[in-house]
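Position 1 is the first residue of the sequence; numbering continues from there. Whatever order the structure lists them in is the order used to number ligands and atoms, beginning at 1.
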Amino acid sequence: MKKLQRIAVFTSGGDAPGMNAAIRAVTRAAINNGLEVLGICQGYKGMIEDNFIPLNSQHVSGIIQKGGTILQTARSKEFREYEGREKAYRNLREHQVDAVVVIGGDGSFSGANEMSAEFDIPFVGIPGTIDNDLYGTDYTIGFDTALNTVVEAVDKIRDTASSHNRIFFVEVMGREAGFVAINSGIACGAEVIMIPEEANQIDKARSFLKERARNNKSSIILVAEGIEEGGAYEVAEILTPEFPQFEIRVSILGHIQRGGSPSAKDRVIASRMGAAAVEALMDQQKSIMIGLVNDEIVHVPLNKAIKMHKPVSKSLIQLAESIATFGPPK
Ligand code: F6P
């Protein structure tokens with residue numbers, strides 16, 4: 001295998017706080033190991049459109065505290081076609097790129113897996129998504145910051161809920177997974193937490209509301225956007241008519257969960273993973289994702305990270321129910 005001289009790094013999929021810390025660590029670790037670094041702007045779209053920029057130590061100074069990604073990200077339909085991937089590959093070769101670091105989620109890793117199977121170019125993935133839904137790692141970059149954003153928002157909602165004795169259905173992100181919901185729900189003391197991994201979530205909320213009827217107190221019901229019933233508005237629409245005695249409101253937190261200055265934890269995780277990605281490429285690794293398991297850096301085959309499902313821990317679900325206002329559902 002040709003000696004590594006130049007690597008490219010890019011961000012792809014939904015952005016996440018901490019991606020800049022990862023870009024910075026990849027760039028600094030590579031340069032400090034004698035490598036050159038190119039940034040690819042706007043994900044696979046930029047790879048196809050030849051949107052490459054040089055990255056040196058100065059380019060990545062002063063970004064560790066910034067949310068979002070200085071390289072931007074975009075979704076690319078063209079990349080789904082072989083011709084698009086071939087164009088991307090030709091651009092990588094034109095720029096004499098020897099290997100690529102992709103910072104993103106499972107969709108971004110699928111693209112990298114496909115490309116490295118079709119062309120001779122090694123990819124290493126860094127898990128960057130607020131969803132924390134990637135198999136093989138305890139943490140994805142952005143998850144911790146998103147949790148803190150949700151907790152801060154729900155604490156504010158609880159102020160007005162208690163002033164008006166209202167019930168709030170608060171919807172959080174997470175795609176088809178409940179990691180954001182279960183963790184932020186425990187952290188903000190939500191009375192009910194509805195997650196896609198568990199069935200009959202409406203009945204859980206319904207039995208809570210029946211119990212609550214006895215003590216007219218405000219409540220927060222946290223709803224993961226991926227539950228089978230739809231989302232917070234759908235849940236409220238079903239339950240409001242059944243409880244006319246309650247004042248019910250809905251709050252969709254939305255994309256504030258994707259922004260903000262990354263937490264210290266996300267900055268450290270991103271820095272560790274960025275440096276580990278460069279080390280892996282220098283060790284001639286390819287088609288792996290850098291993970292963090294029990295606080296140790298691990299290498300996870302990319303196709304496993306993509307295909308395997310990461311379950312929400314049962315113990316966390318049981319904990320949430322065991323310390324809920326009325327205890328586990330009857
Ligand atoms: O994957 C991150 C995420 O924020 C999900 O939690 C959410 O469902 C999705 O991205 C939203 O995608 P978009 O930013 O394209 O609307």
For [X], take its heavy atoms, then give the atoms of ligand 1 lying under 4.0 Å from any of them.
X: His255; answer: 13 (P), 14 (O), 16 (O)
X: Arg75; answer: 12 (O), 13 (P), 14 (O), 15 (O)
X: Glu225; answer: 5 (C), 6 (O), 7 (C), 8 (O)

Report yes if some N/O of Gly174 lies less than 3.5 Å from some N/O of ligand 1; otherwise report no. yes
With salt bridge (Lys or Arg N to Asp or Glu O under 4.0 Å) as the criterion, how do Lys156 and Glu152 come out once you've worked through the C-alpha distance, each side chain's angles and the decisive distance to 0.1 Å? CA-CA 7 Å; Lys156 289 186 169 78; Glu152 205 181 317; 3.5 Å; yes
Check whether Phe246 forms a cation-pi arrangement with Arg212 (NZ or CZ under 6.0 Å from the six-membered ring centre, at most 45° off the ring normal). yes
Check: Phe119 ring centre within less than 6.0 Å of Tyr82 ring centre: yes
Are Phe10 and Tyr44 near enough that their ring centres are under 6.0 Å apart? yes
Quick one: closest heavy-atom pair of Ser116 and Ser287, and the distance? OG-OG, 3.3 Å
Will you find, in the side chains of Thr69 and Thr11, an N or O donor that is under 3.5 Å from an N or O acceptor? yes
Residue, atom and distance of the protein heavy atom nearest atom 6 (O) of ligand 1 read Asp131 OD1, 2.7 Å
At what distance is the nearest protein heavy atom to atom 3 (C) of ligand 1, and which residue and atom is it? Arg258 NH1, 3.4 Å
For ligand 1, which part of Gln257 has a heavy atom less than 4.0 Å away: the side chain, the backbone, both, or neither? neither
